[in-house]
Amino acid sequence: MRVLVTGGAGFVGSHLCDLMIAKGYTVVCLDDLSTGSRTNIQHLGTSAEFSFIEASVLEMVDIDGRFDGVVHLASPASPFAYLDRPIFTLRTGSEGTRNVLDFAKAKSARFILASSSEIYGEPHLHPQSEEYWGNVNPVGPRSVYDEAKRYAEALTTAYRTSCGADTGILRIFNTYGPRMHSDDGRVVSSFIDQALNCKPLTVFGDGTQTRSLCYVDDLVQGILAMLETEDPGPINLGNPMELTVLQIAELVIELTGSLSPLELHPLPQDDPTRRRPDITRARDRLEWRPQVSVREGIGRTIEWHAEQLRETRRRERAS
Ligand code: NAD
Ligand code: UDP
């Protein structure tokens, strides 16, 4: 299998590249490095099996040769990142997705779209199953991401139904793990970074809103399983273990042994109050279910952040 991974130098993408290389795939990683980094894929080097192209999906480059699959992950993903670049986010989800779909179609490659639980918006149905159409505020600040993903789903479906493209849609729920950077702004990386640096943990709102956290190793197994089927989806991928933000903060405090206090900040507009995937489809169609408990996954992620911190301090001492 030769696969193009757009957004492959990002958090999820780099773990997917690792898994694919370990399974004997040939991987071409394309990324504009807007939120990703070369460091995430440095260990993969450059070889016949792995290559990196620095480019934007907005100006899709020609890549020679046969491709069997395309996994389209390129998109700002953290609220900090997409609120900072609203038009870029909308363009990447719409024009960028169209370019990547055209590429996949021209190569007769299976195309997998990384959509998001955000397409459910502020959900009236709990847990969220794929039949639910969602409740998104189309003019709220998060709409640049949510509506871009909704449009990308519609476009992917149209390429399947009107052009005969082989496509699959995945709706990914909150995923965390090593390589999600401290300044990314998402909840797990922020709390761990704050706890390890003895800073207050910034809880938005009263912390009673919930998220369901999936460890990245589990997620990328699900993405690969989707690539290897012919299923059109949409299929939810996530860990149904639902926690309040306060519980996430307390778990991070416990596992780091930090003395950091919790500090309440205003809740961002349209921040969803509840989030939990119904993963019946993923179980039935992909035989996929998460294996790593939240306690184990957060423990491993803390270890990674702690090592990054030690490395930074070593470099500071050396200079
Ligand atoms: P990330 O920011 O670490 O990775 C996104 C990657 O896409 C980055 O490497 C970035 O440089 C690249 N990128 C962005 N715009 C691009 C463009 N125009 N052209 C080329 N590359 C571009 O985020 P992530 O968490 O790894 O997310 C990966 C994908 O999974 C995204 O599509 C995201 O929407 C989706 N997703 C992630 C989560 C999660 O919890 N991590 C949840 C739902 C959906
Ligand atoms: N959150 C928080 N403090 C932070 C970052 C996030 O309380 O420093 C909250 C945020 O308001 C949301 C939840 O944690 O309710 C998950 O936020 P994240 O940005 O990780 O993902 P998303 O909102 O996209 O689900």
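Positions are given from 1, in the same order as the sequence printed here. Side-chain atoms are counted along with the backbone in the values below, which use heavy atoms only and exclude waters and symmetry mates. Quick caveat, the model's predicted, so the values are computed rather than measured. We count ligands from 1, going down the list as the structure has it; atoms in each ligand are counted the same way.
Between A249 and ligand 2 there is no heavy-atom distance shorter than 4.0 Å. Assignment of A55 to the shell around ligand 1 is supported, since a heavy atom sits closer than 4.0 Å. Note on ligand 1: L33 sits in its first shell, one or more heavy atoms being nearer than 4.0 Å.
Side chain to side chain, H72 and T6 meet the donor-acceptor criterion of an N or O pair below 3.5 Å. Between the side chains of N40 and H15, no donor-acceptor pair of N or O atoms lies under 3.5 Å.
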Does the pair R300 and D217 meet the rule for a salt bridge (Lys or Arg N to Asp or Glu O under 4.0 Å), with working shown?
CA-CA 11 Å; R300 291 188 206 173; D217 286 2; 3.6 Å; yes
Quick one, Y120 with R171, criterion side chain to side chain donor-acceptor pair (under 3.5 Å). Give me CA distance, side-chain angles, the key distance, then yes/no.
CA-CA 10 Å; Y120 298 123; R171 293 182 181 153; 2.9 Å; yes
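In this structure, R179 forms no cation-pi arrangement with F11, as its terminal cationic atom is not both closer than 6.0 Å to the ring centre and no more than 45° off the ring axis.
Distances between N or O atoms of T35 and those of ligand 1 include at least one value under 3.5 Å. At under 3.5 Å, a nitrogen or oxygen of V57, whether backbone or side chain, sits near a nitrogen or oxygen of ligand 1.
Of all the atoms in ligand 1, the ones that sit under 4.0 Å from a non-hydrogen atom of G10 are 3 (O), 4 (O), 8 (C), 9 (O). Taking every heavy atom of S115 and a limit of under 4.0 angstrom, the matching atoms of ligand 1 come to 44 (C). The distance from ligand 1 to the heavy atoms of G36 drops below 4.0 Å at these ligand atoms: 8 (C), 9 (O), 10 (C), 11 (O).
Looking at Y145, Y176, F11 and measuring to atom 35 (C) of ligand 1, the nearest heavy atom belongs to Y145. The nearest non-hydrogen atom to atom 23 (O) of ligand 2, considering only M180, E118, R186, R142, comes from R142.
Distance from atom 25 (O) of ligand 2 to its nearest protein heavy atom, with residue and atom name: R211 NE, 2.6 Å. In terms of protein heavy-atom proximity, atom 10 (C) of ligand 2 is nearest to D271 OD2, 3.3 Å. Scanning all protein heavy atoms for the shortest distance to atom 17 (O) of ligand 2 gives V187 CB, 4.1 Å.
Outside the 6.0 Å centre-distance limit, the rings of Y159 and F111 are not counted as a close aromatic pair.
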